[in-house]
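Report on one structure; see the data block that follows.
In what follows, every chain begins at residue 1, and chains take the letters A, B, ... in the order their sequences are listed.
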Amino acid sequence: MTEAKRVEVKDLPEQEGEVVGIGGWVETLRVHGKVAFAVVRDGTGVVQCVLARDEVGDELWARGSELTQETSVAVRGEVTREPRSPGGFELRVVELDVLGASEAYPIQPKEHGVEFLMDHRHLWLRSSVQRSVLRVRAEITHAIHDFFYREGFTRIDTPILTGSIGESAGTLFSTEYFGETAYLAQTGQLYLEAACPAFGKVYCFGPTFRAEKSKTRRHLTEFWMVEPEVAFADSEENMRLQERFVTHLVGWALDRCAGELEELERDTLPLEKVRVPFPRISYTEAVELLRSRGSEIEWGSDLGGADETMIAEEFDLPVFVYNYPRQAKAFYMKENPDDPRTVLCNDLIAPEGYGEIIGGSQREDDLDRLLARIREEKLPEEAYEWYLDLRRYGTFVHSGFGLGIERTVAWITGRSHVRELIPFPRLMNRLTP
RNA sequence: UGGGGUGUAGCUCAACUGGCAGAGCGCCUGGCUGUUAACCAGGAGGUUGAAGGUUCGAGCCCUUCCGCCCCAGCCA
C-alpha cells in the first residue's frame, strides 16, 4: 500500500477532505451491485468505508466485496462528511489490503446465549457492549488511583500468595508452595494494617480470591478489590472517606464515560444524584425497618440480598448500614463501646438493587480483646502473631474498607451480572478462556 | 449444597393431546449504486445433551446421569 497518513478512527472528523490510512477489523459488510459498505473498528471507534465499483477498479472491488466479519484490514481513503453514514463521516476507499483473513466468525450481530458468549469470551470482548463496560471499568480503576493519590495515600502492593491468615478459613484457594501450603489472598487488609504505621494512609488494589461455590450475579471467584486503611481514623471518619470516594468514582464515570453510558443505555439520572452525605441507618434500625415492611429477620442475623434491596429502595442514594452484631462479622472489628453486642463497622449498599459494594470497619486495636476474639473464633493463634505485634508496638485507632470493583461497575453501567465486568471472569465452573 | 427452570441445525428458537423435525440469522450460489442487524431468489446444513425404559410409534412420557441459567447461603 502506498504511504498515507496513519490516523485513528476517533480523529477522522478532523481530517475531512484528507486521504488517510486506518487499520482495523471489519464488523459488517453490506454489498450491493455496484457499491459496498464495510464498517471497520480500530479500537478507538468505528467508521463506514465505502467502495464504489466504478471508482475502485475490478481487482479492489473483488477484494472489498468479499470481506468477511472480523477480517483485519488496512484501508486508505478520503475522509468525507456524509449525513447518510453513521457518525456523519465515512471513508471513500482508494486502497484496501487484507492483513488477516477471518473465516466463519462465530459471533453474529444477533442474540446469543451466555454460555456460548462466555466460551468465546476472547472474541466477545470485541462487541460494542463489552467494549463499553470494560472501558468504564478501566476509567474507574484510573479514578481509584487518582483519588487516593490526591488524598495523600501510599499504594502498598500486598501479597497474593500467603500463609494461613485472613478473614476465616474454608474459603481459600490453596496451592503447593515448596512443601508447604500457600493460600491465594482473600484480602490485603492485614498487611495494610502493618503498613499503616509506616505511611499513615495506605491502600492496595488487586485481585482477590474466594473459593466459595457461589453462583449468583454478584459473585466471582477472582475479583478486584480496592482497600484503603487509615491511621487515627475512627468508624465515623471511615464512612466519610467512603462517601467521598464513591462520589468521586461516579463523577469520574459521568465525566469521562458519557459515550459508553449512552451506548449502554444507562439512565444517568440516579448517578447524577450521588453526592455527600449518604444516608445512614444502624443495623438495629435496619432490622426494625425490615420488620415493619413484613420481613421476619431476627436481630443478630446478617442481612440478605433481599433485605439489602428493601433498604436501598427507601433511599435514592447509596446507604450506609452500620454497627452490625459482632457474631455476624469478622474477628478484627472493634467492639462498640456504647453497645458491646455490636462492632464498629459498616456496609455500603448501592441503589437500584445492586447490593453491597463496600464492607468496612474500625479495627480492634486492643491486644487483649483482639486475642480473645481470635480464641473465640478458634483461629490458629500462631498464624496471627505478627498481626498481634501491631497491637504490641504502638497500637493506634485505625479503620479501612474494601470496595468491589465489579459490583461498583455493575451499578454504574447498569449491568445485571458481574461476569461481564471483568475481562476474563473466573467462576465456579469457568476457568477458560 | 438446597429450591426452581432448561437442553432440538454453527447461533437464537418453534414443533398442538405421543403421530412426516421446522423458521430466522449465519454459510454457499445468483441479482441489485446509498446501505444502516440492507433487501430479493435459490441451496447445503440434524445421533433432538447421554444411557436405559414404556409404546404400534418418543423431541414430547418414566428412570439415572451430565451441562447450563436463575434464586438462596457465603461475601465485595
Side-chain angles (χ1 to χ4, degrees), chain A residues 27-39 46-56 61 65-66 68-69 80 82-88 90 92 103-120 124 127-128 166-172 186-189 205 207-227 242 301-309 324 328-330 346-350 354-360 401-411 416-419 421-422 427-430:
Chain A
E27 289 204 337
T28 59
L29 179 75
R30 292 181 287 272
V31 185
H32 299 249
K34 292 180 177 173
V35 63
F37 304 92
V39 175
V46 293
V47 63
Q48 174 169 284
C49 301
V50 184
L51 285 101
R53 186 170 198 163
D54 295 344
E55 296 171 17
V56 300
W61 173 258
S65 62
E66 287 179 0
T68 53
Q69 195 184 353
T80 310
E82 173 52 71
R84 289 173 293 187
S85 177
E90 65 185 19
R92 294 203 69 93
E103 295 287 326
Y105 187 70
I107 301 178
Q108 300 170 31
K110 301 280 178 185
E111 285 179 30
H112 292 285
V114 173
E115 189 184 8
F116 176 82
L117 289 169
M118 275 301 172
D119 284 342
H120 296 85
W124 189 22
S127 303
S128 61
E167 293 190 0
S168 58
T171 61
L172 300 164
Q186 61 173 355
T187 173
Q189 179 203 319
F205 183 29
T208 307
F209 306 89
R210 304 272 167 96
E212 299 287 350
K213 292 186 175 177
S214 303
K215 291 173 78 170
T216 82
R217 72 183 122 120
R218 303 193 309 278
H219 289 86
L220 296 164
T221 55
E222 176 179 321
F223 67 97
W224 281 60
M225 182 160 68
V226 55
E227 297 176 275
Q242 289 167 48
S301 60
D302 206 351
L303 269 38
D307 300 320
E308 288 177 355
T309 300
Y324 283 69
K329 290 292 176 182
N346 71 271
D347 286 351
L348 181 68
I349 300 170
Y354 284 94
E356 181 183 345
I357 57 171
I358 285 181
F401 65 90
L403 173 137
I405 304 310
E406 292 78 14
R407 288 186 184 180
T408 302
V409 176
W411 166 45
S416 63
H417 202 303
V418 291
R419 67 188 159 206
L421 307 172
I422 184 166
L427 300 157
M428 200 183 127
N429 51 3
R430 172 71 56 188

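- On a pure distance criterion of 3.5 Å, a polar donor-acceptor pair joins the side chain of A:E90 and the base of B:rG34.
- Using a 4.0 Å heavy-atom cutoff across all strands shown, A:E82 reaches at least one base atom of the nucleic acid.
- For the pair A:Q48 CD and B:rA37 P, the interatomic distance rounds to 11 Å; values are reported in whole Å.
- In this structure, A:D347 and A:I358 have side chains that are not in contact, with every pair of non-hydrogen atoms separated by 4.5 Å or more.
- A:F205 is linked by a ring-ring contact (aromatic ring centres under 6.0 Å, His included) to A:H145, A:W224, counting only residues two or more places apart in sequence or in another chain.
- Summarising the geometry, the separation between CD1 on A:I107 and P on B:rA37 is reported as 18 Å, rounded to the nearest angstrom.
- When the C1' atom is used for both B:rG26 and B:rA44, the distance is 13 Å, rounded to whole Å.
- Residues forming a side chain to side chain contact (heavy atoms under 4.5 Å, CB included) with A:A52 (at least two apart in sequence, or on another chain): A:E55, A:R92.
- Between A:I107 and A:W124 the shortest side-chain heavy-atom distance falls below 4.5 Å.
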Inset, instruction - Apply side-chain contact (heavy atoms from CB on, under 4.5 Å) to the pair A:E356 and A:L348, showing each step before the final yes or no. - result: CA-CA 6 Å; A:E356 181 183 345; A:L348 181 68; over 6 Å; no
Inset, instruction - Output, in order, the C-alpha distance, side-chain angles, deciding distance and verdict of side-chain contact (heavy atoms from CB on, under 4.5 Å) for A:Y324 and A:D302. - result: CA-CA 8 Å; A:Y324 283 69; A:D302 206 351; 3.4 Å; yes
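- To the nearest whole angstrom, the two C1' atoms, one in B:rA21 and one in B:rC13, are 14 Å apart.
- A tilted orientation is assigned to the rings of A:H120 and A:F116, their planes being inclined by 30° to 60°.
- Residues passing the side chain to side chain contact (heavy atoms under 4.5 Å, CB included) test with A:V56 are A:L51, A:L60, A:W61, sequence neighbours excluded.
- A:M225 places none of its side-chain heavy atoms less than 4.5 Å from the side chain of A:P207.
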Pairwise N/O distances under 3.5 Å, protein to nucleotides 8-10 of chain B:
| from | atom 1 | to | atom 2 | distance (Å) |
| --- | --- | --- | --- | --- |
| B:rG10 | N2 | A:Q108 | NE2 | 2.4 |

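- Atom P of B:rC20 sits at a distance of 46 Å from the matching atom of B:rG34, rounded to the whole Å.
- For the salt bridge (Lys or Arg N to Asp or Glu O under 4.0 Å) condition, the pairs that include at least one residue of residues 108-120 of chain A, sequence neighbours left out, are A:D119-A:R430.
- Rounded to whole Å, the distance from OH on A:Y105 to P on B:rG26 is 16 Å.
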Inset, instruction - Quick one: do A:L427 and A:R419 satisfy side-chain contact (heavy atoms from CB on, under 4.5 Å)? Show the steps, please. - result: CA-CA 8 Å; A:L427 300 157; A:R419 67 188 159 206; 4.2 Å; yes
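- One atom, CZ of A:F401, and another, P of B:rA76, lie 13 Å apart when rounded to the nearest Å.
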Inset, instruction - Dot-bracket for RNA chain B, please, read 5' to 3', with Watson-Crick or G-U wobble pairs under 3.5 Å on both distances, ( ) within the strand, [ ] crossing, | other strand, . unpaired. - result: (((((((..((((.....[..)))).(((((.......))))).....(((((..]....))))))))))))....
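- Taking the P atom of each, B:rC39 and B:rG22 are spaced 25 Å apart, rounded to whole Å.
- Remark: P of B:rC25 and CD of A:Q69 are 15 Å apart, rounded to the nearest angstrom.
- Nucleotides B:rU12 and B:rG3 are separated by 28 Å at their C1' atoms, to the nearest Å.
- Contact between the side-chain N/O atoms of A:R419 and the OP1/OP2 oxygens of B:rC68 is not found at any separation under 4.0 Å.
- By the 4.5 Å heavy-atom criterion applied to side chains, A:L29 and A:T68 are not counted as neighbours.
- Here A:H219 pairs with nothing under the ring-ring contact (aromatic ring centres under 6.0 Å, His included) rule; sequence neighbours left out.
- Among the heavy atoms of the strands, none lies under 4.0 Å from A:T208.
- When each of A:V50 and A:E356 is assigned the nucleotide of RNA chain B bearing its nearest heavy atom, the one mapping closer to the 5' terminus is A:V50.
- Between the CZ atom of A:F37 and the P atom of B:rA37 there is a distance of 13 Å, rounded to whole Å.
- Between the P atoms of B:rA23 and B:rU17, the separation comes to 22 Å (whole Å).
- For the C1' atoms, the distance from B:rC56 to B:rG2 is 43 Å, rounded to whole Å.
- We find that CG of A:L117 is positioned 13 Å from C1' of B:rC69, with the value rounded to whole Å.
- The base of B:rC75 sits with one of its N or O atoms less than 3.5 Å from a complementary donor or acceptor on the side chain of A:R407.
- Toward the 5' end of RNA chain B, the nearer of the two residues A:D347 and A:H112, judged by each one's closest nucleotide, is A:H112.
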Please list each protein N or O that sits under 3.5 Å from an N or O in nucleotides 71-73 of chain B, with the distance.
| from | atom 1 | to | atom 2 | distance (Å) |
| --- | --- | --- | --- | --- |
| B:rC71 | OP1 | A:R217 | NE | 2.5 |
| B:rC71 | OP1 | A:R217 | NH2 | 3.0 |
| B:rG73 | O6 | A:K215 | N | 3.1 |
| B:rG73 | N1 | A:K213 | O | 3.4 |

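- Residues passing the side chain to side chain contact (heavy atoms under 4.5 Å, CB included) test with A:Q48, sequence neighbours excluded: A:R30, A:F37, A:V50, A:S85, A:P86, A:E90.
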Inset, instruction - Do nucleotides 38-50 of chain B as a string where each nucleotide becomes B, S or -: B if the base has a protein heavy atom under 4.0 Å, S if just the sugar-phosphate does, - if no protein is that close. - result: B------------
Review item, nucleotides 3-6 of chain B N/O atoms under 3.5 Å of protein N/O:
none

Legend entry - Evaluation steps, salt bridge (charged side-chain N to carboxylate O under 4.0 Å, His left out), between A:R210 and A:E212: CA-CA 5 Å; A:R210 304 272 167 96; A:E212 299 287 350; over 6 Å; no
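- By the 4.5 Å heavy-atom criterion applied to side chains, A:V418 and A:R407 are counted as neighbours.
- At the heavy-atom level, A:N429 lies under 4.0 Å from the strands shown only through sugar-phosphate atoms.
- Side-chain contact check for A:E222 and A:T208: no donor-acceptor pair (N or O, by modelled atom type) lies under 3.5 Å.
- Using a 4.0 Å heavy-atom criterion, one finds that A:G355 contacts no nucleic acid atom at all.
- Rounded to the nearest Å, the gap between the C1' atom of B:rU36 and that of B:rU1 is 50 Å.
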Inset, instruction - Please test A:V35 against A:R53 for side-chain contact (heavy atoms from CB on, under 4.5 Å), starting from the C-alpha separation and ending with a verdict. - result: CA-CA 6 Å; A:V35 63; A:R53 186 170 198 163; over 6 Å; no
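- Whole-Å rounding puts the A:L220 CG to B:rC75 P distance at 17 Å.
- Residues forming a ring-ring contact (aromatic ring centres under 6.0 Å, His included) with A:H417 (at least two apart in sequence, or on another chain): none.
- In this pair, A:F223 lays its aromatic ring flat on the base of B:rA76, centres within 5.5 Å and planes under 30 degrees apart.
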